Structures are given as C-alpha cells and as structure tokens.
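Okay, so here's the structure we're looking at.
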Number of protein chains: 4
Amino acid sequence: MPDRVPATTDYQAAIIEAAAGLFARQGYRGTSMRDIGAAIGIHAGSLYVHIESKEDLLHQIVNSIMLQSEQDMAEVLAQGGTPIGQLHEIALRDLRLIGENRERATVFFHEWRNLSPQRQEVVIASRDRWEDGLRSVLRRGIELGEFRAVDVRITGIALTSMLNWAYVWYSPGGELSVEQLADQYADLLVAGLRPR
Amino acid sequence: MPDRVPATTDYQAAIIEAAAGLFARQGYRGTSMRDIGAAIGIHAGSLYVHIESKEDLLHQIVNSIMLQSEQDMAEVLAQGGTPIGQLHEIALRDLRLIGENRERATVFFHEWRNLSPQRQEVVIASRDRWEDGLRSVLRRGIELGEFRAVDVRITGIALTSMLNWAYVWYSPGGELSVEQLADQYADLLVAGLRPR
Amino acid sequence: MPDRVPATTDYQAAIIEAAAGLFARQGYRGTSMRDIGAAIGIHAGSLYVHIESKEDLLHQIVNSIMLQSEQDMAEVLAQGGTPIGQLHEIALRDLRLIGENRERATVFFHEWRNLSPQRQEVVIASRDRWEDGLRSVLRRGIELGEFRAVDVRITGIALTSMLNWAYVWYSPGGELSVEQLADQYADLLVAGLRPR
Amino acid sequence: MPDRVPATTDYQAAIIEAAAGLFARQGYRGTSMRDIGAAIGIHAGSLYVHIESKEDLLHQIVNSIMLQSEQDMAEVLAQGGTPIGQLHEIALRDLRLIGENRERATVFFHEWRNLSPQRQEVVIASRDRWEDGLRSVLRRGIELGEFRAVDVRITGIALTSMLNWAYVWYSPGGELSVEQLADQYADLLVAGLRPR
DNA sequence: TATGAATGAGTGTTCATTCAT
DNA sequence: TATGAATGAACACTCATTCAT
C-alpha cells in the first residue's frame, strides 16, 4: 500500500492554529512561546523543531487570510456577471473568509504591524489590490447604469468597512448564516433605507 | 508684566498624548515606558512623577474616547429631530471624534483588552449603550415610515462598522471634510446604490 | 559502565543554600537575584528555570527550620522521660538545629516578616506551638517536684531566649560541641549559679 | 530677650523616631525615604533639609542604644557592690533600655549590618566591651564564692541571650514591670530550677 | 523650609531563542 | 523529536538623592 499520506501529525498546522487563537485573544506580544507550547502540549523550545520563529508564525497566519482574500477577489472578477451579483459574491466570500477564520482574521487586522517592514509592505499592497478590485466592480455598475454615480472611493470604503468589521462580532455558527448576512448587506447597500 | 508664558507645562497631558501616538503605532505591549519617556525627553522612571502606571495611561486614553462617544450619543438622542437627521448627526459626531483623535481611537479599538477586567467591562457596557442608542433611532425611523422595515440589529452593525472603521483610514485634514464624509455615508445608507 | 557521575545536579537545593547564605549575611531585601545567580554561576534570569520566585526561596528556608523544630518538639514530648531529661533533650535538639543550620536559622529569625501575611501566620502559629510544648514540660516538672514553682511563662521565655540566641554566636565546629553546650545550659538552668 | 532656645520643632528627632518605628516594622531596606517622609508629613526630598542620609538615620538609632548600654555597664561596674547585686542591676538596666526603646532595640539587633564597615566595627567593639564587663562580674562572683565555678563565657552568653531576646517579646507597659522581670531573671539565674 | 521634578542605578521577573543531550 | 537549561536583553517600576524654585 504505497502512497500513504505522512502518518505524522502535522505539527506545523497545529502550532499555527494554536498561535492564531492565542494571538487573537491576547495579542501577538501578549502571547509567549511558552503559551503556544502549552496549548499543544510541548515545551517552548521544542516549538523550534517545527517552526522558524514567532514572527514566522504570525506571517503564516496573516498570509493565509491575505492569499485567500486575493484569490476570492480574482475569481469573482474573472467570473463576470452583473455588478450587483459580483458585489453580492464579494460580500459572501469575504464574510465567509472572516466568519470561518475569525481568529486568523482578528490577527490579520490587529497584528500585521508586528511583521517585518518588508512583509508589512506586501500586506498593504495586497489590501490595495483587493480594494482596486472592489472599486472596479463599482465603476462597472455605474457605467452599466446599475448604480447611481456615487463616489467610488468612499462607497468602496463603506462596503469594505462593513465586511471587515465582521471580525469583531460575527460568528457564522449562530442564527445568521453567511448567505443571509451577505444578502442583507448587499440589499442594504444597493437599496438603502428609503422606503419604496 | 505682560507676555508671561504659562509657568507650568501640563506634563500629564503631554505624556498621554505621546503614549497615544506610540500605542497606536506600536501597540500597548510593543511600547515601553522608555519609549514614552524618550518621546517627551525624560527618563522612563521620571514618568512616574506624573503618572500612576502604564495601564493608567491606557485607561485615560480609552476613557477619553469612550466618554465623548457616550456624551455625543446622549446629546443626539436628547435633541430629537427626524431619524434621518439624527442618523446624520450620529455619523457626523462619530466621524469627527474618530477623525480628530485617530491615535486615541486606534488605541481604543485595538488595545482595550489590555485593561483590567473591571475596566474592560465598563468599556463593553459603554459600547452596548451606544449601539442601543443607534438602534433606537433606527426603530423610530421605521415606526415613522422614514425607513423600510429592515433588520435593526444588522443595519445598526452595518452603520457602526462604517463609522468605526474610519480609524483605519480617515484623516480629516485632507480633501474630505468630516461633514462631507458624514453626508456621503448618510446618503449611501439612506438612498443605497439604486439609481432613481 | 561504572563510575557514572550522577547526571543531574540538584540546582534547587544549591540555589536555596546560596540564598540562605546571602540572606543571612545581607538580608532578604539586601540580596538581589543577581547576587544569588552570581553565587552559583548563572544569570539571574536563569534561576527561574529552577525556582518559583524570590519569596518562595525565603519560604523554603524558613519552612525547613520551622518543620524541623516542630518535629523535634513533638518527638521529645512523645518519648516522655523525666522533665529534666526532656528539657535537656529540647536544648540539645534546638541547639543542634540552629548550630548546624546557622544561616537558615538567621534567616528564620530575621527575615520571616518578608513572607506573605498568610505564611507569616503559619510561622507564628508554629512558634506558639513550640513554646506551648516547652511550657508543658516545665509544668510537669513542677507537678512532679523536680522544679521549684517558678513562673512557667517567664522561665519558658528565658530558656527560649538562651536557645534561640545561639544563631548569633554559636558554631558547633569549634571547641564546644552541641552536647557540651546543651549540658551547660541545662545545668545552669536547673542548678543556677548558687554554690552548693 | 536673647538666648532663646530655638523655637522650631526638632525635626531631626521626629524623623529619627519615625524611622525607628518603620525600620523596626519593615526593615531598613524595606523602608523608603518616602515612607519616612509620609510618617511625619513631608516629602521625601524635604527630609534632606534635616538629615544627612538614610544610613545616617540608621546610625543615630543604633548609636543611641549602643551608647546607653555602654554607659549603663560602666556605671554598674563603677558603683561596685556584690556581684549578685551587680548582676541584678545589669539585668534591670538592660531590660529597661530594651523595653523602653523596643523599636530602636529591634533596629539595633536586626539592622546594624546595613551600616558602613567602619561603623559596624564600632558596634562590634562596643558589644565586646559590654560582654567583657558582664564576664568580669561573673568572675568576681566566683572569686568571692557567691557563684559556683561555672564557665564564665557560656554563662555570660546565657544571660546576654535572656536579656537581649527581650526585644522580641517584652513590653514594659503590661503586667510585668521591668523590676519584676529583672528580679525573676536574676533569681532564675542565681537559684536555678532546683527545689530547695 | 519645603516642593516638585528629575536622575540613573537597580529591582524581580519574563522573553524568544539556542543547544547539548 | 523533545527536553531542560541557559542566555542576555528587556520589561515596568522603585529608590535615595539632588536641585532650582
């Protein structure tokens, strides 16, 4: 029976998961390597058998969120459809990413400044590209007459704010599914509060 | 004897201001008392002539934002007017508070968990009251027919997200005044993206 | 594979011993963790691999004297015999304990107030029990007619003073053995200075 | 009206008294200049208007006990009388000195090692002279036949122990006067526990 | 005479990381 | 692969003392 998947536990992944939880709750600097070791049952020093450094742990957490959100945006833009539909899909994917990875998302938004300057730049560039993507959808919506001629920059920030802030409060396990929340947000953004 | 310079510098205030900047940029735990001392030109130990503790510094920063936002909400609710007008006023005041105190606001949103448990509870209670106030405005707007019968909880969170996220990006010194931003946010929320 | 050196040094014990010497000579507060580290050749921070805290070090020193003196008294009371014999045995054991652990005894008498309030209470209670034991022997001696009807409290304190003060001056390595000193003290106490 | 005694309160004395209490309770190193200042109602820095240094405070406290005990011994030796009478007088004066100055006595016995090496030597020399005096009385008592031919050194230490230990427990304000205690100690030492 | 501010050294303790075993 | 021990720098905070006012 060849081709077995490596039988050993993937410690790397377990460590990163433990670190994400601790970083989210206590902050990057408020979490010691001992805390992380204790969370998976080994000594602090033993962590270094599996990982490079504390900052590397942070990097992997931040990176995982960053890469997924980049890929989501790229796919939404690639698949076309109406701007309203794309807006809805962007909201859905972003809320799902944040909702299903709330600890990592919290670390992403709060702790990225603890990365090295070079890595911080990469994060900033990625965020910029994501927002560019969002604005391109808004612009196309205006061109096609689906949206009013709003200020694209501010409207983009408004939607970004609504989506990103989800890390503060949203848990998808509860009564409100990701789809329902995406529906409501998209509806609110498109239709506003005005009665018909 | 004209032209007297005020004999006493208010060191307390200067220290808090320096701390706010450093906490915002480097985080609470990433900022040492030495950093703060260096920022105002005295030794770390000398800070304690003027302040109680590092945590007290954080508390004063967090408290100043908390108290002002509570007062703003109370005044808006007290002065009445149409729900749309109140929503606009809430946005205006919150954006002004955050925009004019971006460092403190950043510390408020990122670092309050470094306060003692009791102080954290006070912050949470204050945020809850603020959101209650916002929801009461939304509810009244629906009752009066100014707004559609949206989900008050989600709509409240959406607006809160838009306003709070301003600490991440908004500087009132630039081309976009607080009034303009509040106008745009209120308009977007009320009218949505739908073309007329 | 003969001649193996014991693989592990008991650092805990070495640190406590070094601390006892330093606390006795310089006082608890006059001794820094750096002093203790230097005494055994490691950095101050490295001490914490082996110990809990500075106060814990003090506690262990104080406790060792306290527990032994409690056990000694209990054994003397349990083994019975004449009151004079018991008095002699109490003196012998106390002088041996103090003489053979002069540094720890010095720390016990001088530094116990640096323990936490709860631990101080335990020490006080232990001393009280020891003195109760001594008084019970004196009382029995009077009842049996071995001793005059002296004031038991004052006489107990007198003997306690003679024994405890040994930490100030007595080294059993010299010309005066513990047995000799106990003999002399017991004889002096029982017979007094009066010529026969 | 010249030659007035200085009207100002003698701050020196008040500071020393406050320091003695604090040193006795918290130890020399456990007492800050701020503690001492607070005890008499001025700021720490202001103490230096009246005193030289913290060590000087300690020195004055230790010195006051040392000088009085030296003078007491000198007077007892000078006034002659029977050895038993002298022993009684030594006990009386030493118990009075310690009992009426318990805080200072505590500081004397516990904190003298915090003095400079030179000052420590002076203290040691003084104690040695005092003990020499005591031994000379014992020797004369033996020569005159008032005492058995006991070991003068050990007997001297025994009496010294009984007297000095008084700082630990004796308060002359209670039911036991200095005279009564001196009587009991002298009787115990001379007559012993043996029934007549 | 007293203050408030400052100093600079020092406190006990924690930390990320290394390394021989 | 994991451990226990160690490092050396850093941490928040306190201290005795000085000094301009």
Side-chain angles (χ1 to χ4, degrees), chain A residues 8-9 11-12 28-37 40-58 114, chain B residues 7-9 11-12 15 28-37 40-58 114, chain C residues 7-9 11-12 15 19 28-37 40-58 114, chain D residues 8-9 11 28-37 40-58 114:
Chain A
T8 50
T9 320
Y11 264 87
Q12 262 260 71
Y28 175 71
R29 304 195 87 126
T31 301
S32 70
M33 295 305 281
R34 199 189 273 204
D35 291 338
I36 299 172
I40 63 158
I42 63 176
H43 285 224
S46 308
L47 291 168
Y48 290 84
V49 174
H50 308 285
I51 64 157
E52 279 273 301
S53 67
K54 193 186 180 191
E55 198 236 357
D56 190 61
L57 240 30
L58 175 59
N114 289 297
Chain B
T8 51
T9 320
Y11 263 85
Q12 259 260 73
I15 293 170
Y28 175 71
R29 302 192 91 125
T31 301
S32 71
M33 295 307 282
R34 254 186 182 73
D35 291 340
I36 299 172
I40 64 158
I42 61 176
H43 286 228
S46 307
L47 291 168
Y48 291 84
V49 174
H50 309 284
I51 65 156
E52 279 271 302
S53 67
K54 194 187 180 190
E55 200 238 357
D56 190 61
L57 240 31
L58 176 59
N114 290 298
Chain C
T8 50
T9 319
Y11 263 85
Q12 260 261 74
I15 293 170
Y28 176 71
R29 303 192 92 125
T31 300
S32 73
M33 294 306 282
R34 281 163 182 82
D35 291 339
I36 299 172
I40 63 158
I42 62 176
H43 286 227
S46 307
L47 291 169
Y48 289 84
V49 173
H50 309 284
I51 64 155
E52 281 270 301
S53 66
K54 193 188 181 190
E55 200 238 357
D56 190 60
L57 240 31
L58 176 58
N114 290 297
Chain D
T8 50
T9 319
Y11 264 86
Y28 175 71
R29 304 196 87 125
T31 300
S32 71
M33 294 306 281
R34 200 190 274 204
D35 290 339
I36 299 172
I40 63 159
I42 64 175
H43 286 224
S46 308
L47 291 169
Y48 290 84
V49 174
H50 308 284
I51 64 155
E52 279 273 302
S53 67
K54 193 187 180 191
E55 200 237 356
D56 189 60
L57 240 30
L58 175 60
N114 289 297

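Nothing here was measured: the structure is a model prediction, and the numbers come from that model.
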Spacing of [X] atom [atom1] relative to [N] atom [atom2], expressed in whole Å:
{"X": "C:D35", "N": "E:dG10", "atom1": "CG", "atom2": "C1'", "value": "11 Å"}
{"X": "A:R34", "N": "E:dA16", "atom1": "CZ", "atom2": "C1'", "value": "12 Å"}
{"X": "B:L47", "N": "F:dC11", "atom1": "CG", "atom2": "P", "value": "13 Å"}
{"X": "A:R29", "N": "F:dC11", "atom1": "CZ", "atom2": "P", "value": "8 Å"}
{"X": "C:I15", "N": "E:dG12", "atom1": "CD1", "atom2": "P", "value": "14 Å"}
{"X": "D:E52", "N": "F:dA16", "atom1": "CD", "atom2": "P", "value": "16 Å"}
{"X": "C:M33", "N": "E:dT13", "atom1": "CE", "atom2": "P", "value": "6 Å"}
{"X": "C:I51", "N": "F:dA5", "atom1": "CD1", "atom2": "P", "value": "13 Å"}

Subject >> Pairwise 5' ranking along DNA chain E for A:T31 and D:V49, keeping only the more 5' one >> reply: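 Taking each residue's closest nucleotide, the earlier one in sequence belongs to D:V49.
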
Closest to the [X] side chain: [options]?
{"X": "B:S32", "options": "F:dA12, F:dA10, F:dT17", "result": "F:dA12"}
{"X": "A:S53", "options": "E:dT17, E:dT1, F:dA2", "result": "E:dT17"}
{"X": "B:Y48", "options": "F:dT3, F:dC13, F:dT17", "result": "F:dC13"}
{"X": "A:A44", "options": "E:dA5, E:dT17, F:dA10", "result": "E:dT17"}
{"X": "C:H50", "options": "E:dA5, F:dA5, F:dG8", "result": "F:dA5"}
{"X": "D:K54", "options": "F:dG4, F:dA5, F:dT17", "result": "F:dT17"}

Original post:
Does the pair C:L57 and C:I36 meet the rule for a side-chain contact (heavy atoms from CB on, under 4.5 Å), with working shown?
Top reply: CA-CA 11 Å; C:L57 240 31; C:I36 299 172; 4.0 Å; yes

Enter the distance from [X]:[atom1] to [Y]:[atom2] here, rounded to the nearest 0.5 Å.
{"X": "C:E55", "Y": "C:Y28", "atom1": "CD", "atom2": "OH", "answer": "5.5 Å"}
{"X": "D:Y48", "Y": "D:I51", "atom1": "OH", "atom2": "CD1", "answer": "5.5 Å"}
{"X": "B:M33", "Y": "B:I15", "atom1": "CE", "atom2": "CD1", "answer": "7.5 Å"}
{"X": "C:L47", "Y": "C:Q12", "atom1": "CG", "atom2": "CD", "answer": "11.0 Å"}

Original post:
Which comes earlier along DNA chain F counting from the 5' end, the contact point of B:E55 or that of A:I42, where each point is its nearest nucleotide?
Top reply: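 Counting from the 5' end, the first nearest nucleotide belongs to A:I42.
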
Original post:
According to a strict under-4.0 Å criterion, is B:H43 in side-chain N/O contact with OP1 or OP2 of E:dA6?
Top reply: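 The answer is no; no side-chain N or O of B:H43 sits under 4.0 Å from OP1 or OP2.
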
**OP:** Determine: side-chain N/O of B:Y11 to OP1/OP2 of E:dA6, distance under 4.0 Å, yes or no.
**Re:**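 Result: yes.
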
**OP:** Taking all heavy atoms of C:A44 and all of C:R34, pick out the closest pair and write down the distance.
**Re:**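 Smallest heavy-atom distance, with atoms named: CB-CG, 3.7 Å.
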
Original post:
Given that both pair distances must be under 3.5 Å and the pair must be Watson-Crick or G-U, what runs of three or more consecutive pairs involve DNA chain E?
Top reply: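 Stems (3+ consecutive pairs) listed as E:2-21 with F:2-21.
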
Subject >> Within 6.0 angstrom of C:E52 CD, more than 12 heavy atoms from elsewhere >> reply: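 Atom CD in C:E52 is not packed in, count stays at 12 or less.
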
Original post:
With sequence neighbours left out, what residues match C:H50 under ring pair (Phe, Tyr, Trp, His ring centres under 6.0 Å)?
Top reply: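 For C:H50, the residues satisfying ring pair (Phe, Tyr, Trp, His ring centres under 6.0 Å) (neighbours in sequence not counted) are C:Y11.
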
Would you list the protein and nucleotides 19-21 of chain E atom pairs, both N or O, that sit under 3.5 Å from each other?
none

Subject >> Main-chain N/O of D:S32 paired with D:K54 side-chain donor or acceptor, under 3.5 Å >> reply: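 No, the answer is negative, given that no donor and acceptor are paired below the 3.5 Å cut-off.
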
